[in-house]
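Please read the structure below before turning to the comments.
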Amino acid sequence: MSGRVFPAFYDVVRRIPAGKVATYGQIARLAGMPRCARLVGYAMAACQDPAVPCHRVVDRFGGTKAAFDTFAPGTQRALLEAEGVDFRLDGTVDLEHCLWSPQT
DNA sequence: CCGATGACCAAAC
DNA sequence: TGTTTGGCCATCG
């Protein structure tokens, strides 16, 4: 079961500062697998590690995927709002304003 | 044990 | 220019 890349994803997600969000593609890219965004989503789905702020991970459109099973519906958005993340009227994260940059 | 799918994104045709 | 397939690892049935 030795995960090969999941730990790498967790490491990247852990780097995300509060008040910021990252996309699956970015994390996958930083992990060295630009085409493994799917794995990132699955890794977050299996986020058994509390040190991994999977709630700071959103899709490329900023959709927080409220229909998420890991947390109660709407919990993810509440966590992000609590961290200072701005949300749009449609309930998506303002990536233009809160998208995390790999350098910071 | 094996097959299929999955919180996705990007390149190719 | 838009639409479709590909790709990767782990977990579920």
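Sequence lines set the chain letters: A, B, ... in the order given, protein chains first and strands last, and positions in each chain run from 1.
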Item to check | Closest nucleotide among B:dA10, C:dC8, C:dA10 to the A:Cys36 side chain | outcome: C:dC8
Item to check | Matching residue for A:His55 among A:Val21, A:Val13, A:Val85, A:Leu80 - test: side-chain contact (heavy atoms from CB on, under 4.5 Å) | outcome: A:Leu80
Checklist entry - OP1 or OP2 of B:dA10 sitting under 4.0 Å from any side-chain N/O of A:Arg29? => result yes
Item to check | Value in whole Å for how far the C1' atom of C:dC9 lies from CG of A:Leu39 | outcome: 5 Å
Checklist entry - Within a strict 4.5 Å, meaning less than it, do heavy atoms of the A:Ile16 and A:Val57 side chains meet? => result yes
Checklist outcome for this item: Sorted by chain and residue number, the side-chain contact (heavy atoms from CB on, under 4.5 Å) partners of A:Tyr42 (sequence neighbours excluded) come out as A:Phe6
Item to check | d(CZ, A:Arg35; C1', C:dC8) in whole Å | outcome: 11 Å
Next on the checklist: In this structure, how many angstroms lie between the P atom of B:dC9 and the CZ atom of A:Phe9, rounded?
Outcome noted: 13 Å
Item to check | Proximity to the side chain of A:Asp59 - top-ranked nucleotide from C:dC8, B:dC9, C:dA10 | outcome: B:dC9
Next on the checklist: Between P on B:dC8 and CG on A:Leu95, what's the gap in Å once rounded to a whole number?
Outcome noted: 15 Å
Checklist entry - Can you tell me how far C1' of C:dC8 sits from OH of A:Tyr42, to the nearest Å? => result 13 Å
Checklist entry - For atom P, what is the distance between C:dA10 and B:dA10, given to the nearest Å? => result 22 Å
Checklist entry - Take atom CZ in A:Arg60; do more than 12 heavy atoms of anything else shown fall under 6.0 Å from it? => result no
Next on the checklist: At 4.0 Å (heavy atoms only), tell me whether A:Gly25 reaches a base, stays on the sugar-phosphate, or touches nothing.
Outcome noted: sugar-phosphate
Checklist entry - What's the CD-P distance between A:Gln26 and B:dC9, to the nearest Å? => result 11 Å
Checklist outcome for this item: To the nearest angstrom, the CE-C1' distance between A:Met44 and B:dC9 comes to 15 Å
Next on the checklist: From CE of A:Met33 over to P of B:dA10, roughly how many Å is that when rounded to an integer?
Outcome noted: 16 Å
